[in-house]
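Start at 1 and go down the list; that is how both ligands and their atoms are numbered. Just so we're clear, the structure is a prediction, and the values are computed from it rather than from any experiment.
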Amino acid sequence: MKTLVEFINEKQADFAYASGEFTRLLNDIGIAAKLVNREINKAGLADINGYFGQQNIQGEDQKKLDVFANDCFLAAMRHGGMVCAVASEENDDLYTYENAFSQEGKYVVAMDPLDGSSNIEVNVPIGTIFSIYRRISESGPGTVQDLLQPGVKQIAAGYVIYGTSTILVYSTGYGVNGFTLDPSVGLFFLSHPEMKIPDGGNIYSINEANYIYFHEGVKQYIKYCQQDDPATLRPYTTRYIGSLVADFHRNLIMGGIYIYPGTKKNPNGKLRLLYECNPIAFLAEQAGGKASTGYERILDIQPTELHQRAPFFVGSKAMVEKAEEMMRLYSE
Ligand code: P6P
């Protein structure tokens with residue numbers, strides 16, 4: 001069984017930009033994930049469930065574990081000195097490191113330290129999502145412009161799913177690989193080599209409670225999924241966990257589509273481009289799938305704000321393309 005560090009070092013030669021620094025950064029993310037995993041696994045026992053008592057920029061009540069996870073990843077990346085700035089869901093403004101060592105770091109990171117944290121209390125899988133870019137600015141504290149790069153510029157992206165097992169899934173643009181944590185030795189081992197999302201599937205993930213606010217194209221795609229046509233595996237099955245990482249991870253392995261569309265109430269939907277849509281879209285494309293707003297490729301969007309949202313259709317290529325077809329046919 002190959003460990004994460006052995007794998008990164010082995011693959012290091014593949015990276016055009018590779019350097020020991022990048023290896024160090026990925027390893028630091030793995031260390032933070034282990035610390036977060038430990039707290040999540042005993043959250044019901046420690047006084048770490050519940051609310052922190054503040055809200056993030058989204059107006060969402062921060063959970064104690066949200067803040068703990070954010071602190072863990074920020075500290076791990078400070079320790080390594082590879083990162084000069086971080087855009088985090090938990091920080092309203094860009095987080096820049098004050099130490100000179102980090103200010104010379106070549107990379108910037110966008111992250112959702114604990115996505116789906118509303119599921120913590122009910123023991124449903126949650127996740128960390130991260131996206132890594134090379135900085136544009138020369139040196140010193142990173143800038144917002146360093147983060148406002150289109151997703152196609154990511155040099156790496158990944159997530160950690162804290163579920164029945166804890167799995168780190170990432171890509172550096174050379175395929176997608178998954179590593180399962182063995183808590184008894186505190187190491188991630190390669191468990192899902194060369195992950196490929198099935199081109200088709202029969203699982204669709206969407207919160208249908210928002211149905212009346214959906215655009216006609218989304219409504220028509222849902223009806224398509226529900227039609228009786230065994231030759232195309234329909235009616236599909238609906239699975240919606242309320243945790244993007246968990247829904248995407250299942251669809252990555254089994255095939256499927258996850259949709260959080262724009263609605264009449266929220267034209268850009270709910271998910272944030274920098275640290276939810278872009279990293280997941282990068283992984284989806286690397287695994288042979290597709291990710292769009294229903295109209296345009298997610299990775300081509302030029303961001304203008306750190307916390308901007310985007311409609312999100314992601315998963316098996318054929319399923320995303322069918323949904324896009326409906327969006328074009330019934331565009332309003
Ligand atoms: P809703 C979690 O807050 C999240 O960002 C995703 O992980 C999840 O898929 C979605 O929001 C759930 O949102 O509106 O369906 O509860």
Do the side-chain N and O atoms of N70 and S88 include a donor-acceptor pair separated by under 3.5 angstrom? yes
Using a 6.0 Å distance limit plus a 45 degree cone around the ring axis, check whether K219 lies over the aromatic ring of Y211. yes
Aromatic plane relationship, Y236 with Y224 - under 30° parallel, 30 to 60° tilted, over 60° perpendicular: perpendicular
Which atoms from ligand 1 have a heavy atom of N207 less than 4.0 Å away? 1 (P), 15 (O)
Decide if the gap between the ring center of Y159 and the ring center of H249 is smaller than 6.0 angstrom. yes
List the steps and the verdict of ring pair (Phe, Tyr, Trp, His ring centres under 6.0 Å) for F130 and Y275. CA-CA 6 Å; F130 61 90; Y275 42 79; over 10 Å; no
Note: ligand 1 atoms sitting under 4.0 Å from heavy atoms of L271 are 5 (O)
Heteroatom distance test (D115, ligand 1): nitrogen or oxygen, under 3.5 angstrom: yes
May I ask you to identify, for D247, whether its side chain, its backbone, both or neither come under 4.0 Å of ligand 1 on a heavy-atom basis? neither
If you measure every N or O of E276 against every N or O of ligand 1, does any of those distances drop under 3.5 Å? yes
Only heavy atoms count here, so choose which of G242, A209, G269 is nearest to atom 8 (C) of ligand 1. G242
For the residue pair Y162 and T128, confirm or rule out a side-chain donor-acceptor distance under 3.5 Å. yes
Heavy-atom contacts with Y258 under 4.0 Å: which atoms of ligand 1 show up? List them by number with element. 8 (C), 9 (O), 10 (C)
Please list all pairs meeting salt bridge (charged side-chain N to carboxylate O under 4.0 Å, His left out) that have one or both residues in residues 244-263, counting only residues at least two apart or in different chains. D247-R250
Taking heavy atoms and a distance under 4.0 Å, where does L244 meet ligand 1: side chain, backbone, both or neither? both
For ligand 1, which atoms have a heavy atom of Y240 less than 4.0 angstrom away? 1 (P), 9 (O), 10 (C), 12 (C), 13 (O), 15 (O)
